[in-house]
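FYI, the numbering just counts along the sequence from 1. Order of appearance sets the numbers: ligands from 1, and atoms from 1 within every ligand.
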Amino acid sequence: MKFGTKAIHAGLEPDSATGAIMTPIYQTSTYVQDGIGNHKGYEYSRTGNPTRNALEANLAGIENGKYGACFGSGLAAIDCVIKMLNPGDEVISTNDLYGGSYRIFKTIFEKYGIKFHFVDMLDTQNIANAVNANTKLIWVETPTNPMMNIIDIKAVSVIAKSVGAMLGVDNTFATPYLQNPLDLGADIVMHSVTKYLGGHSDVVMGALICNDDQIADEMYRIQNSSGAVTAPMDSFLVLRGIKTLHVRIQRHCENGEKIARWLNSHPKVDTVYWPGFESHTNHEVAKLQMRGFGGMISFTLKGNHIEDAKQIVKSTHLFALAESLGGVESLIGHPATMTHASIPKEEREKSGVVDSLIRLSVGIEDVDDLIADLEKAMG
Ligand SMILES: *Cc1c(COP(=O)(O)O)cnc(C)c1O
């Protein structure tokens, strides 16, 4: 089955009780049993709920995995992955990481005796140099936020396998439509479903997808034991969102390309970060592991003045000033004062987050209107 068909059909059957073509919202916490131990596969909704399970099967289908699990947020999904580890285990992660992932690693799990190393994964040799007998997880995010760096998943998976470590990939930015890490050697894929999979900025949710039976056992045991599960209503909304994922991402990619090229020729713009450009550092890797380059773009201004950037982000009308990304509507943000404000200036500038850096989540509106909006705001 091809992607668009899977998005609409994978894991989904008409409702067995009524024939409803859309998976009903099973808004129930418990299920009546015919006798002790004699039930219809459901006992309690933390453990299993038909609406959530349908979404989990659908997510597994579109990510080319066997098993899916949904969580209350992307970070709750990451929380589950780290809980598979033991005290003394070590994790190697990219240094250009989503801030919330960095925070949960450092402020929650370090005190339980898990050690985190952050390396520049653009050069995979840095990972090979950092692994040791205690390395149990390598954590990759690609493309990264907000610099759009591309990390070679296949090359990292070779290193992970050589030391028997699990490879986890945060696939939030690419989505399963553009990139399938399990096919590239990853053991577990994570999504902030909040972003493109939900796609309508109305749900906070996370997901994990894997193929390995043992990893799946652990994943479901922790999902049920820690209990950070998703609600039936939210599961329904995301099932509805995924039905148009392929159509939305196609438009995100088209609009993204047009805006990246327009910005590139704008006299006030210094550098545009978008993996579709041949000049992008890892464009060749992006071409190999992705089927398109998405609608996330960052750019800097000539002169690198913070006031110029602040003026632009507050002057757009269609591009709303907000955190988050991946919805049908376009967003604009200023990482230095928003998502990356807590990182010291010197630190953030090392990874490219300079004062004039602006990040766009290009939506699926008419691209001519989006360009006109930016043109006016940039003066
Ligand atoms: C938003 C995001 C997360 C965290 O997901 P939540 O749903 O906000 O908990 C993790 N990784 C990336 C790349 C994200 O963009």
- prompt: Are any of the N/O atoms in L75 less than 3.5 Å from those in ligand 1?
  reply: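 Yes, L75 has an N/O under 3.5 Å of an N/O on ligand 1.
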
message: Does any N or O of ligand 1 fall below 3.5 Å from an N or O anywhere on S101, backbone included?
response: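 There is no such contact.
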
message: Out of all atoms in ligand 1, which are within 4.0 Å of some heavy atom of M205? Include the element for each.
response: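 Going through ligand 1 atom by atom, the ones under 4.0 Å from M205 are 7 (O).
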
message: Under 4.0 Å from a heavy atom of S73: which atoms of ligand 1 are those, numbered in the order shown and with their elements?
response: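 Going through ligand 1 atom by atom, the ones under 4.0 Å from S73 are 7 (O), 9 (O).
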
message: For a quick check under 3.5 Å, do T172 and D170 share a side-chain donor-acceptor pair by atom type?
response: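 Yes - a donor-acceptor pair under 3.5 Å links their side chains.
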
[atom] [closest protein heavy-atom partner, distance rounded to 0.1 Å]:
atom                   : answer
atom 4 (C) of ligand 1 : Y98 CE2, 3.4 Å
atom 6 (P) of ligand 1 : G74 N, 3.3 Å
atom 5 (O) of ligand 1 : S192 OG, 3.0 Å

query: Side chains of M205 and L55: closer than 4.5 Å at any heavy-atom pair?
result: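 Counting from C-beta outward, M205 and L55 do come under 4.5 Å.
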
- prompt: Closest heavy-atom contact between L360 and I259?
  reply: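 The pair with the smallest heavy-atom distance is CD1-CG2, 4.0 Å.
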
task: Going by heavy-atom distance to atom 11 (N) of ligand 1, choose the closest among T194, D170, L325, T172.
output: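 It is D170 whose heavy atom sits nearest to atom 11 (N) of ligand 1.
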
task: Assess K83 against F71: is NZ or CZ under 6.0 Å from the centre of the six-membered ring, and within 45 degrees of the ring's axis?
output: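 Pair K83/F71 does not count as cation-pi.
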
Partners meeting side-chain contact (heavy atoms from CB on, under 4.5 Å) with D217 (sequence neighbours left out):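 None.
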
message: Can you confirm if the aromatic rings of Y177 and Y196 lie within a centre distance of less than 6.0 Å?
response: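 Centroid separation for Y196 and Y177: 6.0 Å or greater.
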
query: For ligand 1, which part of K195 has a heavy atom less than 4.0 Å away: the side chain, the backbone, both, or neither?
result: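 Side chain only.
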
message: Here's a test for you: under side chain to side chain donor-acceptor pair (under 3.5 Å), which of N180, N58, T175 qualifies with E63?
response: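 Between E63 and the candidates, side chain to side chain donor-acceptor pair (under 3.5 Å) is satisfied uniquely by N180.
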
